[in-house]
There are 2 protein chains.
Amino acid sequence: MPAKSKDTRPGGRSARVRAAVHRATVDLVQEVGADKVTLPAVARRAGVNPSSVYRRWGTTSALLADVAAQRKDEAAPELLGDLRADLGHAAVWTLTDLSRPGGVAFFRAEVAPDVDDRRAGLRECLERVSTRFQAALEAAARRGEETPSLDRVLDRVVAPLYFRVVFSLPETDEEYARGLVAELCDGLPASGQLPDSPRTTPE
Amino acid sequence: MPAKSKDTRPGGRSARVRAAVHRATVDLVQEVGADKVTLPAVARRAGVNPSSVYRRWGTTSALLADVAAQRKDEAAPELLGDLRADLGHAAVWTLTDLSRPGGVAFFRAEVAPDVDDRRAGLRECLERVSTRFQAALEAAARRGEETPSLDRVLDRVVAPLYFRVVFSLPETDEEYARGLVAELCDGLPASGQLPDSPRTTPE
DNA sequence: GATTTAAAGCAATGAACTTTGCTTTTGGCA
DNA sequence: TGCCAAAAGCAAAGTTCATTGCTTTAAATC
């Protein structure tokens, strides 16, 4: 709700151009990598005049951030009423989001747009990720269950996923994501056995 | 030891140029951000002819990776003979490395040099980080102690550090790094209390 | 010291990327 | 329907990046 990007004239051609540019951006990021995406290239691909792109977005970072930001308005997670299941769900969602072609690229784009927006981009991106987990935690808390802090979830679940995707570590899959959650939850009450802890060595 | 960058003519002017370019690179990364560093800019800053820079490094990614790679040949960690202390040492070192100006940028540069070298860059970078921890683990293993796997160290210590630095989460300091190690080690033998687990919420 | 030659400097060139003033289209609204 | 202004298109500059052939400097070796 805060900044609604006061777009006068949201319909018609304007919207078409916006959509075409967004699509072209996603495509190009997948094809050549976010580093090599340029505004003229996007414009060509979208069948739009470069100056239009420059006037609206200005820089590739801004464009990438815009595209990334829009993606967040997608599925709302339905909560199952079981903390472990809900966290697992969020973890898998996060992993999927990061793993898809260009996923990390968009993640990074949100993190590193122009210096001014950098802080804002960081926070927004983190919040996006956090939201899913926060919802699960709050629901559990409302049920009176003992829950880990969000911070703990970030350290124990999100950070490893992010790290493993960035470094393309093998076997970073759904099972692994759920395993991280399980391990976190098992450590909650008192102790608990470590469920067949992670495997894989870097090589 | 593997690739020693077969430099014929490592001394004199050549070395001076190399040093000047490296210094200029570090400076520029800090000042304008790694995204906006260009070879001509580096050359100007270094007082060197652009073509020299192009001929030697070719691309900014290569240059950044080279600068980053050189940084790794610094302190060798002396092992104290105590797993927790050694891992803590490595964790703090990692945190320091990431936290210094441009730290994350250089880290990324190693991870994402030009697409071809990507895989190689990934592995090398990961190995660089891993080495410190691996040494501590192996020393402990030789003493017959029970040790976590390297993989586990990556998930529980390195990943959170990396994540928190990238997102500029507050209170990501030495104490925190040591806390991660402590928590990992405490979970080792059987159970163990969680040492006043992590604090801080994203906001 | 003289020789060799790797690497730096120079300069011209081409190819993007950006920017900008102006014109044209067209969505929003009375 | 007709007005108005926002946004798109067009085109011409202006910048900056990147490449390359040639010349000059100065390490390294004998």
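Convention: sequence-line order gives letters A, B, ...; per-chain numbering from 1.
- Taking 4.5 Å as the limit, every side-chain heavy atom of Val181(A) sits out of range of all side-chain heavy atoms of Arg156(A).
- Taking atom CZ on Arg16(B) and atom P on dT25(D), their separation rounds to 14 Å, with Å as the unit.
- If you measure from atom CZ of Arg55(B) to atom P of dG21(D), you get 8 Å, rounded to the nearest angstrom.
- For a distance-only test at 3.5 Å, the side chain of Arg13(B) fails to qualify as a donor-acceptor partner of the base of dG9(C).
- Counting distance only, with no hydrogens placed and no angle test, the side-chain atoms of Arg56(B) and the base atoms of dG9(C) include no donor-acceptor pair under 3.5 Å.
- Using cut-offs of 30° and 60° for the angle between ring planes, the Phe163(B) and Tyr162(A) rings count as perpendicular.
- The shortest heavy-atom contact between Ala141(A) and Thr147(A) is N-CG2, 3.8 Å.
- Residues Gly12(B) and Leu39(B) both approach DNA chain D. Their nearest nucleotides, taken by heavy-atom distance, put Leu39(B) toward the 5′ side.
- Ala24(A) meets the side chain to side chain contact (heavy atoms under 4.5 Å, CB included) test with Val42(A), Arg45(A), Ala46(A); sequence neighbours excluded.
- Taking every heavy atom of both residues into account, Leu39(B) and Gly58(B) meet most closely at CD1-O, 3.5 Å.
- For the helix from dG1(C)-dC30(D) to dA30(C)-dT1(D), the angle separating the two terminal helix axes comes to 40°, with each axis derived from five pairs and the value rounded to 10°.
- Protein atom CZ of Arg18(A) is 15 Å distant from nucleotide atom C1' of dA8(D), rounded to whole Å.
- Tyr54(A) has no side-chain polar atom (N or O) that falls below the 4.0 Å cut-off from OP1 or OP2 of dT19(C).
- Arg56(A) and Ser51(A) share no donor-acceptor pair across their side chains, judged by distance under 3.5 Å alone.
- Checked for salt-bridge contact, Arg18(A) and Asp66(A) meet the test: a charged N lies under 4.0 Å from a carboxylate O.
- Place Val17(A) and Thr60(B) on DNA chain D by their nearest nucleotides, and Val17(A) ends up nearer the 5' end.
- Between the P atom of dT18(C) and the NZ atom of Lys36(B) lies a distance of 11 Å, rounded to the nearest Å.
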Criterion salt bridge (Lys or Arg N to Asp or Glu O under 4.0 Å) on Glu145(B) and Arg84(B), from CA distance to verdict: CA-CA 11 Å; Glu145(B) 297 177 24; Arg84(B) 183 176 304 209; over 6 Å; no

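- Remark: Val48(B), Asn49(B), Ser51(B), Ser52(B) in residues 43-53 of chain B come within less than 4.0 Å of DNA chain C through at least one heavy atom.
- Annotation: side chain of Pro160(B) is not in contact with side chain of Asp151(A) (no heavy-atom distance under 4.5 Å).
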